[in-house]
A.B. asks: 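First the structure, then my questions, so here it is.
All values reported here derive from a predicted model rather than from experimental measurement. Order of the sequence lines fixes the chain letters, A, B, ..., with proteins taken first and strands second; residue numbering starts at 1 for each chain.
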Amino acid sequence: MEKLNRYIIGSNASIFQKIDPTTNVEVFLPTNEEEIKEAITYAREKNLPITTKGGGSGMSGACTGGLREKVIISTQRLMDVYELNFGKGYAVVGPGITPDIFNALIQKEQPNWKFFVSPSSRDVATLGGMLSTDGGGNDAWLAGTMVDSVLSVELFDLNNNKIIVERTGDDLSKSKITCEDKKLEKQLVEKGFSLLDIAGSHGVLGFISKIKVMIKPLPEAGKESYAIVHANTLDNFGRIIHGLIEYDVPLTYGETIVEARHPEISGPTNPPMFILKYPIEYDEKVQDVCKNIDNVDFTSIDLKEFKKFADIRVKMAKRNPPVGFQMALFEGYGIYGDNLLRFGEIIKEINESLEKHTFEPFIKFGHAPSVYYEDNKKIKGIIMHSREKRPENLTPKVVFDGIVSCVKTCEKLGITPKPEHKWPYQKTTVKYKRLVELTDVLGKQFNPFLLESELEELAELVL
Amino acid sequence: MTSKTEDEISELLKKCVQCGSCLAVCPIYRATKNEVYSPRGKLYYLKLKEAFPEKFDEELAKEYAKTIFTCAVCSRCVENCDAEVKLVDIFLEERLASVDQFPLLVQIGENITDEMNVYGLDNEMRAETWTMELYDDFPDIDDRIYSEGMTADTILFVGCLMSFRSRHTNVLKSILKVMEHIDENYIILGGEEYCCGHPLDLLGKIEEADKMRAHNTEVIHKVGAKTVVTDCPGCLEALIDHHKLDQAIKIQHMTEYFDEKIESVPNKLNIKLKYHDPCELFRNNEVTEAPRSLMKKMGIEVEEMEPSCCGGGGMLRVTDEKVATDIMKQRITIEGLDEEGACVITCCPSCLEQFEQNGVTSWDIAEYLVKALNLEEEK
């Protein structure tokens, strides 16, 4: 199956699926540290870039390695739980474990404990991948993004030096660095290398081989409220997010459906709307937020109803339109601050930009209120995801023009686009410059395409 | 199922967003941890082939064919797919295209078309193989085997596996005991029962399967039966979906039939057993309530297991015994079936064999039903 392995390994959820299979020179599925090192050595000796592949559920396409010849190292067999420490509230795991499998193992021993980062793709996404994209989930408001749950990371560089990066306190930009190669250790310390650098680095800094994460007890059962909130306009929708942030309601679950041009989704949900779970003592506060905004319907629901709406929400990302097929041209929009108060205008501009380039808007949804990191700052707002209807004549130029338009719209509106699909444009961002600075020390053989490709060439990868 | 055109397959491929949710539930992927065996991987191959046809060769086609047949056809991927891709339909089309690469499967296909059963044995032996073991319990059993002109209210459709493999004699004995107990007017088709065609469907050979079914349909209509009962979920699916039987004829799984007929039992068993939902029964035929209702009446407290495959479906035990065994090993570990006293109850001959061949104590529901009705000695 060796040849087939090299072909199939490119499968992933991004729009970049047209990966020339012959560019995957070799595929490794290591099961332990020795096999990881063998894979890295092979790539080093052949002078080939290394791309790490987890579950392939991310929208960035970082796991594809782009157009160039490369070695792929899959984490799918690195799923061990090395340590589960309920006393100190942490676990040490391999990068290939998924949140669902991890939580099943945790709850086999302690039914009321959990690892608290719940992306919609938690059945497939790996913890290594989630750190590499700094993904979050429906519990991001309290749990933060993936990096907020990480205590330490072990990664291998191109020379198989193990680098351990450990949290030292609440400031994630400060970490303790330990490395077998003391010269490298000194360089990384001087650069201020930290967990925050690894978060959202998309496999550029090395191969993550182990992660130590926080695990915590669940909130007390029966002490939570469930609610759905409907807004009559998108502006009011944004005001609700703004209000929930201002009131600092400790939501344990916050999901939204912004728009849905599919009767099976919009019928039962009536967007724009929220699905919320929070401690029962905050019921009044949440209702106050809603009362302060015109034409907002707050409805308390029971657990059964909550699960029904949560199920619609988690499934909608993969649904196709009533006619045609969906695609995620430009997956993430980070909207925060005063922009939340002009949400309607923002959606209008985004949709106009899409339609101008033959992409018919289909669905928009996201975690809200939520948090994410932008240039090492923690932002509170909504991470809104988007799916469009695939145009009949989809060409690389159509894709290129569409993405460029989205980026310009985001820049004009002051929205933070997630790095996905705009690799070349992030050359102006702090994160890009930081990754270039760090790869000057760590080497540029891990996923170099992310820092070096032009959008035109990546547009060729859209299937 | 229908045979799909290339355009239809192409449309189905576009629906797949490659999200990977199928990996999480695919028993083959869970056992191998290799994406080539995953539903997503199999579809991605076809997508890439459309995009880069010049980069695909015979060697790849052979490797791919192997993965297509390393599938339990449990349909869990279809159930879990939010993009509504009919993955199994695509896989079965691909099976038809590549079945000739597998001599053993070709042989099975020929066995059915030549001898009307998967084993290539004399089909006249279909009833004799097991009925001869039951003369002590059923001295007049030969009167229950169909011959021209016979009619009955109910037909017990036995299926190839149960007809020819001795493990199932006790299951059939149990079923017959209960049918006699409820004074059912039933017959068995004997040599006039042809393979239901389900194995041929799994090989993609629909046309050949339809020939078998046409015969079965004709005989069933001649008998004038109002009900057709079977303990084999594969046969059940074939009878319901592909046999073109008169709509007035009720086609039931054994558990549905007995759950309807039996209100209560004299001997409540008061035991706890782990119930394995056969994939074809649970997922394809949506029979979930009847087995549980019947077991509840019998006084069996069901310990639910994850509705995952045992590795016995899709001809996997023929095409890749190692993977089939690995799937079962995982099931044993996850569900604690290696603990002392662990016992599985199910209602599918293939699942039953798969559990037993891997060292798990297993019984068919019928084998407990006879005890609950005081028709059988203690187990």
A.B. asks: Could you tell me whether the side chain of D57(B) reaches within less than 4.5 Å of the side chain of K3(A), counting heavy atoms only?
C.D. replies: yes
A.B. asks: Is it true that, when you exclude K274(B) itself, more than 12 heavy atoms of the residues, nucleotides or ligands shown sit nearer than 6.0 Å to its NZ?
C.D. replies: yes
A.B. asks: Using a cut-off of 6.0 Å, state whether more than 12 heavy atoms not belonging to E306(B) lie near its atom CD.
C.D. replies: yes
A.B. asks: Please look at S57(A) and chain B and tell me whether the side chain, the backbone, both or neither of the residue comes under 4.5 angstrom of a heavy atom of that chain.
C.D. replies: both
A.B. asks: Step through the shown structure and confirm whether more than 12 heavy atoms of other residues, nucleotides or ligands are within 6.0 Å of NZ on K296(B).
C.D. replies: no
A.B. asks: Using 0.5 Å steps for rounding, measure from the OG atom of S11(A) to the NZ atom of K42(B).
C.D. replies: 12.5 Å
A.B. asks: Less than 6.0 angstrom separating the ring centers of Y7(A) and Y64(B), yes or no?
C.D. replies: no
A.B. asks: Could you tell me whether E340(B) atom CD has more than 12 heavy atoms of other residues or ligands within 6.0 Å of it?
C.D. replies: no
A.B. asks: Select, from K66(B), E50(B), E11(B), K62(B), the one with the greatest count of heavy-atom pairs under 4.5 Å involving chain A.
C.D. replies: E11(B)
A.B. asks: Hey, are the side chains of F52(B) and I19(A) touching, using non-hydrogen atoms and a 4.5 Å cut-off?
C.D. replies: no
A.B. asks: Less than 4.5 Å to any heavy atom of chain A: does that hold for the side chain of Y45(B), its backbone, both, or neither?
C.D. replies: both
A.B. asks: So which of C16(B), S38(B), A24(B), C22(B) has the largest heavy-atom pair count under 4.5 angstrom toward chain A?
C.D. replies: A24(B)
A.B. asks: What's the spacing between C19(B) SG and K315(A) NZ if we round to 0.5 Å?
C.D. replies: 12.0 Å
A.B. asks: Would you compute the distance between atom NZ of K33(B) and atom CD of Q76(A) and round it to the nearest 0.5 angstrom?
C.D. replies: 7.0 Å
A.B. asks: What part of D20(A) gets within 4.5 angstrom of chain B, counting heavy atoms only: side chain, backbone, both, or neither?
C.D. replies: both
A.B. asks: So how far is it from D123(A) CG to L23(B) CG, rounded to the nearest 0.5 Å?
C.D. replies: 9.0 Å
A.B. asks: Test side chain to side chain contact (heavy atoms under 4.5 Å, CB included) on K47(B) and L463(A) and set out the steps.
C.D. replies: CA-CA 8 Å; K47(B) 284 187 176 218; L463(A) 192 59; 3.8 Å; yes
A.B. asks: Locate the shortest heavy-atom distance separating E35(B) from K53(A); write the atom from each residue and the value.
C.D. replies: OE1-NZ, 3.1 Å
A.B. asks: Identify which of V25(B), L43(B), L48(B) forms the greatest number of heavy-atom pairs closer than 4.5 Å to chain A.
C.D. replies: L48(B)
A.B. asks: Apply the test side chain to side chain contact (heavy atoms under 4.5 Å, CB included) to residues N34(B) and R77(A): give CA-CA distance (whole Å), side-chain angles for both, the deciding distance (0.1 Å), then the verdict.
C.D. replies: CA-CA 8 Å; N34(B) 189 334; R77(A) 292 179 179 171; 3.7 Å; yes
A.B. asks: Go through N320(A) and E84(B) one step at a time and tell me if the side chain to side chain contact (heavy atoms under 4.5 Å, CB included) criterion holds.
C.D. replies: CA-CA 8 Å; N320(A) 284 295; E84(B) 297 176 342; over 6 Å; no
A.B. asks: M316(A) versus chain B, heavy atoms under 4.5 Å apart: side chain, backbone, both or neither?
C.D. replies: neither
A.B. asks: Please lay out, stage by stage, how M1(A) and T67(B) fare under the test side chain to side chain contact (heavy atoms under 4.5 Å, CB included).
C.D. replies: CA-CA 9 Å; M1(A) 293 295 171; T67(B) 70; 3.9 Å; yes
A.B. asks: Just checking, is any N or O donor in the side chain of Q18(B) or Q17(A) under 3.5 Å from an acceptor N or O on the other one?
C.D. replies: no
A.B. asks: Please round to the nearest 0.5 Å and tell me the distance separating atom NZ of K318(A) and atom CG of N80(B).
C.D. replies: 7.5 Å
A.B. asks: Quick check on E304(B): does its CD atom have over 12 non-hydrogen neighbours (other residues, nucleotides or ligands) under 6.0 Å away?
C.D. replies: yes
A.B. asks: Which bit of E59(B) comes within less than 4.5 Å of chain A, counting heavy atoms only: side chain, backbone, both or neither?
C.D. replies: side chain
